[in-house]
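FYI, the numbering just counts along the sequence from 1.
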Amino acid sequence: MEEKKEKKNKKNCTYIGGQAVLEGVMMMGKTCMATAVRDASGEVQIEAKRLNNGKKLKTVCKIPFVRGIVNLVLSLVRGTKALMRSASVYGDDDEEEAGRVQKWLAEKFKLNLMDVISGISAFLGVLLAVGIFIFLPRFLITLIPPVQRTVWEYVLLGVFKLVIFIAYLSLILVLKDIRRLYMYHGAEHKTINAFERGVELTPSKVKECSRIHDRCGTSFLFIVIFINIVIISLVTWAFDKYVYHVENGVLRFFLNLGIEVVLLPLIAGISYEVLKLLAKFDNKFVDIFKAPGKLIQKLLTTREPDEEMIAVAITAFNKVLEMDADETVPECEFVTCGILSKMLEDTKKKFAEKGIDESDAEWIYSLVLGIKRSELYSVEKDKQNEKRVMVSAAEGKRIKEIAAKRLAGRPLWYIIGDTEFYNCKIKVDERALIPRPETELLAEAVCKTVEEGDKVLDMCTGSGCIAVSVAKNCKDKHVSVTAADLSDAAIMLAKENAKLNGVDVNFVQSDLFRNVRGRFNIIVCNPPYVKSGDIPNLQKEVREYEPKIALDGGEDGLEFYRRLAKEVGRYLAKNGMLLLECGEGQTEEILKLFGRRDYAMVLKDFSGTDRFLKIAF
């Protein structure tokens, strides 16, 4: 019977706690803290960090009363930092000016601007609290001499503290941002209440839960003030009566002030234990002690949130659950303005850890910022480009999105959606191979070879990059360009690229020459030439994303060249020319396949490797 009663009076308390921040909520678990903020564009950003809880700290946090002091200090520092970080996401701060200060601090003192601001804010917060809630009540007592050294001094001191506390909470409500902060405070409470009661964490269902919570910081502050009144009254009275009696009013004022400041940690420790104990039970007796804190929450420090605010709180809460359950879940950061060089180096470091070429990081920044890749490192030294030293929050967000997809393995140019190829913009996606820089040399060779009125066939066209670039760059020579590919999807992509570049190309779906009609002055082909056995060893982004049909050249990589050698003669006009791209070390073997020829030339790529064949018939 007693066991049933105990179970009824106890409730399921989660270890996760939180606080409202500007346009968001911070939640803290056992191993991490996560802050979710809805930014100015309406998107929810999240920052999650692992807590640096060493063995000593964990041990200290288990000691009754001491843990209250430690948790108060940690909450103050971490809470202030979360508040400052949320302001950097949502605020309308001057990014350029902030960037200059941030860069100066980093270069001169190796300091982070946010750490400096958080430290100063925490210090000023403590100073303000001491001034308003300790200094001011005692100062008011000095204005009423008749009550000094009487029981009324301690009664009035307690009354003044409570009145100032309530007045402070009421006055700041006139600020719009504070009212919204209190709405997010309500969202935080509703989310935790929902979880503790087993309610599904969806905005609509969480909204039905109470916005009042037993372990709220408001209740903690009220308990602190109440215990402060009791302990300070007893200690100052006992000190004055039994330890040292001070006649001088000014000296007595500062002595009592000092005693109160010194006893703050003890008061915080006792208050923490009281709050922790009260939160474990739900009964009429305990409700008496909870009532004042709940009333203040209801009237002042929480407001009814909308579902979007609740969604933000749920995001932060779920992130903490996820990271506490799995230590391999990585940290993440808000996207805010930052220093170009530092952000670029951080991205390159992440890419290097995943085996991704650092040039991909440079291309991402170049494309998003509109800076030539070659100028990324020189722009900071150029005073005329001072604004470009900083990456804005919007640019940073775009960079982060692209980098995340690239880190997941998807090829960069598929993510970007297009690439430059020999004076053309070529749309790229998983329907065809991404045009390689060396293939531009093949297109260039065709353009240099083509003559007035020539007919050109681009076999295995893929994205159509060669056919489109030849048609565009040789427009004044009135050439006729046909492009063929086995893949219907590739042909569709190639047609889109022809339209994008405003050129006329005749496209044919064909397995090599099967559906091709007529003869051509120039046939150009970049066929699949990777050995079947080598495909599993290709880079992840190639083997998992680019079409295998465009890579696999058979057992020795020469399958398509053999077929070309057998059929090309029937489709080349008199004095026709065949231009081929080849795999490394394949040129000699391929030339043996084209024994009946007038002459052949081997052309090299950018790295000096034999890459292309120019065969005349």
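- Between Phe594 and Phe617, the ring planes are perpendicular. Angles over 60° get that label, and only those under 30° would be called parallel.
- Between the CD atom of Gln586 and the CD atom of Glu581 there is a distance of 10.0 Å, given to the nearest 0.5 Å.
- Between the side chain of Ser469 and the main chain of Cys465, a donor-acceptor pair closer than 3.5 Å is present.
- Within the 3.5 Å criterion, the main-chain N or O of Leu441 finds no donor-acceptor partner in the side chain of Glu444.
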Inset, instruction - Output, in order, the C-alpha distance, side-chain angles, deciding distance and verdict of side chain to side chain contact (heavy atoms under 4.5 Å, CB included) for Tyr529 and Glu559. - result: CA-CA 8 Å; Tyr529 54 69; Glu559 180 182 325; over 6 Å; no
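- In summary, Lys477 and Glu452 do not engage in a salt bridge, as defined by a charged side-chain N under 4.0 Å from a carboxylate O.
- Between the Asn521 side chain and the Gly576 main chain, no donor and acceptor come within less than 3.5 Å of each other.
- A donor-acceptor pair shorter than 3.5 Å can be found between the side chains of Ser41 and Lys397.
- A salt bridge is absent between Asp360 and Lys348; no separation between the charged side-chain nitrogens and carboxylate oxygens falls under 4.0 Å.
- Looking at Asn506, its side chain never comes within 3.5 Å of a backbone N or O of Thr482 through a donor-acceptor pair.
- Of all non-hydrogen atoms in Trp413 and Val428, the two that sit nearest each other are O-CG2, 3.1 Å.
- When all heavy atoms of Arg519 and Lys455 are compared, the closest pair comes out as O-CD, 3.7 Å.
- For the pair Phe513 and Met459, the minimum side-chain heavy-atom distance is below 4.5 Å.
- For Ser392 and Glu395, the side-chain atoms include at least one donor-acceptor pair closer than 3.5 Å.
- Of the possible donor and acceptor atoms, one in the side chain of Asp485 sits under 3.5 Å from a partner among the backbone N and O of Gly462.
- Considering CG of Asp504 and OG of Ser480, their distance stands at 8.0 Å, rounded to 0.5 Å.
- Under a 4.0 Å N-O distance rule, the pair Glu496/Lys427 qualifies as a salt bridge.
- Judged by distance alone, with hydrogens and angles left aside, the side-chain atoms of Asn501 form no donor-acceptor pair with the main-chain N or O of Val503 at under 3.5 Å.
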Inset, instruction - Go through the steps to decide whether Tyr414 and Glu541 satisfy the test side chain to side chain contact (heavy atoms under 4.5 Å, CB included), and finish with yes or no. - result: CA-CA 10 Å; Tyr414 283 167; Glu541 59 263 31; over 6 Å; no
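- Taken to the nearest 0.5 Å, the NZ atom of Lys540 stands 13.0 Å off from the CZ atom of Arg410.
- For the atom pair CG (Leu340) and CD1 (Ile371), the distance works out to 5.5 Å, reported to the nearest 0.5 Å.
- With hydrogens and angles ignored, the 3.5 Å screen pairs a side-chain donor or acceptor of Asp454 with a backbone N or O of Glu451.
- For the pair Phe560/Leu512, a side-chain contact is recorded, criterion being any heavy-atom separation below 4.5 Å from C-beta on.
- Arg543 places no side-chain N or O within 3.5 Å of a backbone atom of Ile535 that could act as its donor or acceptor partner.
- Residues Leu558 and Glu589 have side chains in contact (heavy-atom distance under 4.5 Å, counting atoms from C-beta outward).
- A donor-acceptor pair shorter than 3.5 Å can be found between the side chains of Arg50 and Thr31.
- Remark: Asp346 engages Lys342 in a salt bridge, criterion side-chain N to carboxylate O under 4.0 Å.
- Distance check, rounded to the nearest 0.5 Å: CD1 of Ile356 to CD of Gln539 gives 9.5 Å.
- Between the side chain of Arg611 and the main chain of Cys582, a donor-acceptor pair closer than 3.5 Å is present.
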